[in-house]
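All figures in this text were calculated on a predicted structure; none of them were measured in a lab. Side-chain atoms are counted along with the backbone in the values below, which use heavy atoms only and exclude waters and symmetry mates. In the text below, chain A, chain B and the rest are named by the order of the sequence lines, each starting its count at 1.
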There are 4 protein chains.
Amino acid sequence: MVSKEERRINIIEAAVKVFSKKGFHKARMEDIAKEAGIGKGTIYEYFDSKKHLFYEMIKHNVNLYKDNIKVILEKESNLEERLLGICRYHGRFISEHIDMAQSIISQSHLIDDEMKCWLFNERMNIFTIFLDIFKDSQKKGELRKDLNIEAAVLSLIGTINQYYSKKIFAEGLSYEEIDPIPVLDVLLKGIE
Amino acid sequence: MVSKEERRINIIEAAVKVFSKKGFHKARMEDIAKEAGIGKGTIYEYFDSKKHLFYEMIKHNVNLYKDNIKVILEKESNLEERLLGICRYHGRFISEHIDMAQSIISQSHLIDDEMKCWLFNERMNIFTIFLDIFKDSQKKGELRKDLNIEAAVLSLIGTINQYYSKKIFAEGLSYEEIDPIPVLDVLLKGIE
Amino acid sequence: MVSKEERRINIIEAAVKVFSKKGFHKARMEDIAKEAGIGKGTIYEYFDSKKHLFYEMIKHNVNLYKDNIKVILEKESNLEERLLGICRYHGRFISEHIDMAQSIISQSHLIDDEMKCWLFNERMNIFTIFLDIFKDSQKKGELRKDLNIEAAVLSLIGTINQYYSKKIFAEGLSYEEIDPIPVLDVLLKGIE
Amino acid sequence: MVSKEERRINIIEAAVKVFSKKGFHKARMEDIAKEAGIGKGTIYEYFDSKKHLFYEMIKHNVNLYKDNIKVILEKESNLEERLLGICRYHGRFISEHIDMAQSIISQSHLIDDEMKCWLFNERMNIFTIFLDIFKDSQKKGELRKDLNIEAAVLSLIGTINQYYSKKIFAEGLSYEEIDPIPVLDVLLKGIE
DNA sequence: TATGAATGAGTCTTCATTCAT
DNA sequence: CATGAATGAAGACTCATTCAT
């Protein structure tokens with residue numbers, strides 16, 4: 001016996017696996033059902049369509065990401081510690097949800113206007129969380145006064161993405177094996 | 001009358017437009033044919049399949065990107081000028097070929113092992129071009145001695161991607177309107 | 001608490017509403033259950049399948065129709081009064097059970113051979129009731145001696161159907177508002 | 001080699017056969033394709049959907065019916081001859097297109113509002129053609145002055161429907177074997 | 001060489017029916 | 001008895017690809 005909500009999560013988790021492995025179009029509803037250990041039709045008791053399942057999966061994971069980032073930021077007050085935590089979690093998130101991450105990071109043709117709007121707002125939301133942290137740090141003198149905060153946040157996200165992607169997908173490392181120090185070093189001190 | 005090669009380029013350019021607008025799966029061969037102003041069947045005189053057309057299109061654009069980056073690097077010898085040129089061209093490339101760029105940057109489920117291998121090599125190739133530039137600059141003293149060159153290159157690519165994506169897609173700017181200075185500032189001086 | 005038989009009738013009445021509104025194929029068992037205020041599975045305690053429910057519903061209504069026609073015919077002995085009663089009741093029946101009426105009047109692809117046979121017999125039965133009335137009236141001199149009784153009965157049924165259908169569906173009248181006199185006039189006197 | 005238009009008619013004729021034999025819902029697109037001697041997908045080159053094919057089929061046949069009725073009415077100027085012609089053609093039409101006829105005569109849940117409107121207008125159109133004939137005849141003195149023309153037309157249509165339906169479906173006659181005289185007799189002289 | 005009509009494999013989705021609670 | 005969550009068979013529809021002209 002599983003509750004309605006458990007079954008929902010159960011399906012979303014199967015969807016994450018199958019969409020991540022095959023991509024939206026190659027993923028068959030039957031595959032997702034099999035992965036969840038249920039019948040094809042059951043998915044439709046919980047989600048209106050393949051597209052809606054995809055949306056709900058993204059929402060679920062974006063919320064997961066946000067919640068975890070918040071926890072990390074609350075645990076630490078020191079900037080370097082915070083960046084370290086973000087690096088590690090973001091890296092782990094990329095390695096586990098690369099397609100999800102792509103959906104968050106990039107535009108998609110699957111996504112209708114309502115969803116696009118929601119995603120846009122969420123990205124802005126995450127962006128703003130980082131922005132606020134950087135503003136605080138700037139006030140506290142942890143960051144130089146003439147720093148363009150916006151560019152800094154975007155550099156943070158972009159650098160982590162590239163660095164962890166390369167280590168995970170090109171070099172085959174697992175996210176625990178990746179040393180975040182070079183990322184922090186470049187970010188903090190620049191290249192000059 | 002057009003030559004074989006002109007027609008090929010003609011089809012690839014149509015494919016760029018349609019794949020960029022609709023994504024691989026939503027793009028129909030008929031759409032591409034119409035965009036190229038030819039009949040559906042004609043595409044198959046030049047490309048074996050939709051997938052092959054997609055591959056050839058990526059190759060075409062990756063080569064274009066590489067050629068242009070090389071020209072920029074040859075034109076300038078000063079690091080900051082080079083970074084400025086890369087910023088501008090990369091930004092323009094993103095704005096014109098966002099889906100292409102995603103295909104180059106990210107993994108894709110459409111892509112078979114041979115293609116994956118080719119793409120991987122190309123990415124490494126581009127990565128190496130940047131790496132060599134940074135090594136030279138480090139020797140010349142334009143970069144600090146203790147800099148992790150690899151992290152620096154990945155930060156460069158990641159930061160440009162994020163910054164230009166945000167400006168273009170979230171703020172609706174055209175790539176000419178985007179000021180590359182904040183990107184360079186963060187990259188060169190870091191955030192501290 | 002309701003008895004087995006009350007629940008059965010309750011379901012049939014819900015079925016009438018839903019089948020009438022949506023047609024056999026568009027009507028969902030869940031809709032019927034909801035209309036009856038019970039659970040989906042409960043219907044299967046009373047009827048073997050959707051098709052059987054449909055059959056039982058038709059039987060119920062055909063019997064209703066026959067019973068009411070008999071009552072009308074017993075109440076009146078004068079031909080014109082009887083025709084008037086038939087007009088009114090048949091018109092009301094059409095307006096309330098148009099899809100039912102169509103099922104009785106026309107062939108249907110839903111209907112298997114046993115049901116077809118039963119329906120055929122019922123139609124013949126109703127036809128015979130009218131036929132007997134007309135024969136009696138012919139004997140009593142209420143109808144001309146050279147009248148083809150069969151054609152007369154079919155004309156009666158066909159004329160009422162057309163006339164009431166037009167008034168109800170094309171002109172939007174309710175069956176009480178429809179004047180049966182023109183129908184009787186044409187039937188009795190012909191057009192010449 | 002067949003022209004676009006020939007293929008269209010070809011498909012509609014196959015659709016008439018299959019829809020008539022199986023009804024809308026039981027008819028599979030594959031059946032219709034097979035009947036037309038073509039592939040499933042080809043139908044979609046000519047019709048947007050199953051529903052649209054159904055609509056186009058109805059339109060085709062309604063137009064056929066109207067054209068033939070007009071030819072019959074133009075050929076004869078005498079009322080009885082005209083009624084005879086209508087009887088025979090309408091009977092033949094019923095025997096060949098019973099489901100079509102039902103679609104014209106009855107309401108249907110398949111039919112959307114635009115189509116309903118079109119069908120309604122066509123029915124009114126056919127009704128008006130008959131009405132005009134009767135008005136002319138009334139002027140010429142072929143019909144009694146106090147006749148309700150509307151009721152007369154509806155009686156004509158209804159009586160033919162019932163009579164030919166019974167002869168064809170209950171008694172298994174072919175439409176050529178059916179004697180139209182009893183229908184005309186009842187219609188012209190009434191039952192009294 | 002270029003075409004586009006024809007094809008049919010592949011998949012989402014619906015919903016009657018079952019059965020464990 | 002009553003329920004409704006789970007099921008999976010069935011069918012409409014899409015579109016890459018072929019091939020006769």
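Ion pairing between a basic and an acidic side chain is recognised when a charged N comes within 4.0 Å of a carboxylate O; D:K40 and D:E30 show no such pairing. Salt-bridge formation is not detected for the pair A:E122/A:K59: no Lys NZ or Arg NE/NH1/NH2 atom is positioned less than 4.0 Å from an Asp or Glu carboxylate oxygen. Ion pairing between A:E56 and A:R8 holds under the 4.0 Å rule for side-chain N and carboxylate O.
In this structure, the CD atom of B:E30 is 16 Å from the P atom of F:dT18, given to the nearest Å. Atom CG in B:D31 sits roughly 16 Å away from atom C1' in F:dT17 (whole-Å rounding). Remark: C1' of F:dC13 and NZ of D:K51 are 15 Å apart, rounded to the nearest angstrom. What separates CD of C:E6 from P of F:dC1 is a distance of 14 Å, to the nearest Å. The separation between B:F24 atom CZ and F:dC15 atom C1' is 12 Å, rounded to whole Å. The distance from atom NZ of A:K34 to atom P of E:dT11 is 12 Å, rounded to the nearest whole Å. Atom-to-atom, CD of C:E5 to P of F:dC1 comes out at 14 Å; the value is rounded to the nearest Å. Nucleotide F:dC13 holds its P atom 10 Å from the CG atom of D:L53, rounded to whole Å.
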Run B:F24 and B:V18 through side-chain contact (heavy atoms from CB on, under 4.5 Å) and show every step you take. CA-CA 9 Å; B:F24 180 82; B:V18 179; over 6 Å; no

Audit row: A:W118, A:V62, side-chain contact (heavy atoms from CB on, under 4.5 Å) steps and yes/no: CA-CA 11 Å; A:W118 183 89; A:V62 168; 3.9 Å; yes

Can you check side-chain contact (heavy atoms from CB on, under 4.5 Å) on A:F120 and A:R123, steps first, answer last? CA-CA 5 Å; A:F120 180 80; A:R123 290 185 66 183; 5.8 Å; no

Could you walk me through whether D:K50 and D:I43 satisfy the side-chain contact (heavy atoms from CB on, under 4.5 Å) test, starting with their C-alpha distance in whole Å, then the side-chain angles of each, then the deciding distance to 0.1 Å, before giving a yes or no? CA-CA 9 Å; D:K50 189 182 182 183; D:I43 299 178; over 6 Å; no

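Here D:K34 pairs with nothing under the salt bridge (charged side-chain N to carboxylate O under 4.0 Å, His left out) rule; sequence neighbours left out.
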A correct 5'-to-3' footprint of nucleotides 6-11 of chain F, with B, S and - meaning base, sugar-phosphate only and no protein heavy atom under 4.0 Å, is BBBBBS

Pairing string of DNA chain F (Watson-Crick or G-U wobble, both atom distances under 3.5 Å; | = paired to other strand) is .||||||||||||||||||||

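A:H25 and B:H25 have parallel rings, their planes meeting at less than 30° on a 0 to 90° scale where 60° marks the start of perpendicular.
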